Amino acid sequence: MEEVGIQKIKLHSILPQSFYARDPRVVARALLGKLLVRRDTRVRTGRIVETEAYLENDPAAHSFRGPTPRNRVMFGPAGHAYVYFTYGMHYCMNVSCQKEGEPGAVLLRALEPMEGIAAMAKARGVKLSTSSTQRELRALTSGPARLAQALGITRERDNGKDLTDPWAELFLAEDDFEAGRVRVTVRIGISKAVDKKLRYVLERNPFVSR
DNA sequence: GAGGAGATCGTCT
DNA sequence: GACGATCTCCTCT
């Protein structure tokens with residue numbers, strides 16, 4: 001029952017593989033309010049407030065044209081990190097869903113910073129004012145590439161990692177937070193299947209992207 | 001606050 | 001050789 005960080009995240013609160021071994025739409029909704037934790041020299045924790053589901057036979061999903069070296073994690077077992085590099089400069093993090101052989105993933109789009117905020121700011125290369133404003137905190141993790149940078153998530157370091165390993169330096173956990181109302185909208189930044197409502201956000205949460 | 005351009009390179013055609 | 005599950009900075013209102 002090791003405890004890490006101020007929020008006292010216990011190992012038994014790490015989300016198990018059964019959590020991820022479901023339809024990405026179910027996982028995307030269930031992930032709202034959960035915690036993403038980076039545990040290395042410092043602990044950085046954010047609460048997930050925005051996700052997107054990417055399905056099997058989904059033209060917008062990286063897995064749509066079959067497995068490649070880049071997307072193979074999407075075809076692997078549930079509960080692993082699929083981290084990809086895009087636009088020549090950004091990393092984005094997904095969690096794999098469903099079963100081995102059935103591609104599916106949930107993209108983490110925004111977090112509410114909870115602890116390790118100074119370390120997040122450092123990783124983002126920004127200076128926070130002494131009484132950091134909500135605007136500044138928002139800019140740390142409101143967007144898939146921003147949150148990846150804030151938590152030091154890269155393809156080289158994290159792609160393919162098992163997020164359910166109790167000794168993982170990157171994992172997802174839950175506490176007693178109760179997610180409120182969820183709003184479902186179309187996904188952002190894609191050019192195919194643009195009309196499918198597969199984006200999930202915590203209603204009235206100021207840390208969602210855009 | 002909204003909108004547009006540019007950055008920059010891995011990946012697949 | 002084209003494009004991208006994005007971000008930042010700049011301009012205009």
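Because the structure is predicted, anything quoted here is derived from the model rather than measured. Chain A is the first sequence line, chain B the second, and so forth, proteins listed ahead of strands; every chain is numbered from 1.
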Most 5' of A:A145 and A:S191 on DNA chain C, judged by nearest nucleotide: A:S191

Sugar-phosphate only, base, or nothing, as touched by A:R199 at under 4.0 Å among non-hydrogen atoms: nothing

Check ion pair A:E112-A:R47 (N to O, under 4.0 angstrom): no

A:R210 CZ to B:dG3 C1', straight-line distance once rounded to whole Å: 12 Å

Atom pair distance, as rounded to whole Å: OH in A:Y54 and P in C:dA5: 7 Å

Sugar-phosphate only, base, or nothing, as touched by A:R70 at under 4.0 Å among non-hydrogen atoms: sugar-phosphate

Residue-phosphate contact under 4.0 Å: A:T86 side-chain N/O, C:dA5 OP1/OP2: no

Touch class at under 4.0 angstrom, heavy-atom based, for A:A60 against every strand present: base

Verify stack between A:Y87 ring and B:dA7 base, 5.5 Å, 30 degrees: no

Salt bridge A:K161-A:E169, side-chain N to carboxylate O under 4.0 Å: yes

Carboxylate-amine/guanidinium contact A:R187 A:E52, below 4.0 Å: no

Spacing of A:Y91 atom OH relative to B:dC9 atom C1', expressed in whole Å: 10 Å

C:dC7: pairing nucleotide in any strand, Watson-Crick or G-U under 3.5 angstrom: B:dG6

Per-pair stack call A:F85 and B:dG10, 5.5 Å, 30°: no

Among B:dA7, C:dA5, C:dT8, the one nearest A:Y82 by side-chain distance: C:dA5

Nearest-angstrom distance from the residue atom CZ of A:R65 to P of C:dG4: 11 Å

Touch class at under 4.0 angstrom, heavy-atom based, for A:R124 against every strand present: sugar-phosphate

Aromatic contact, A:F85 with A:H90 (centres under 6.0 Å): no

Whole-Å distance separating the CD1 atom of A:I190 from the P atom of C:dT6: 9 Å

C:dA5 versus B:dG3 - spacing of their P atoms, nearest Å: 22 Å

Atom-to-atom span, NZ of A:K192 to P of C:dC3 - whole angstrom: 11 Å

A:M89 CE to B:dT8 C1', straight-line distance once rounded to whole Å: 4 Å

Minimum side-chain heavy-atom gap A:R146-A:L140 below 4.5 Å: no

Protein-nucleotide distance (A:H62, atom NE2; C:dC3, atom P), rounded to Å: 16 Å

Closest to side chain of A:R155, choosing from B:dT11, C:dA5, B:dC12: B:dT11

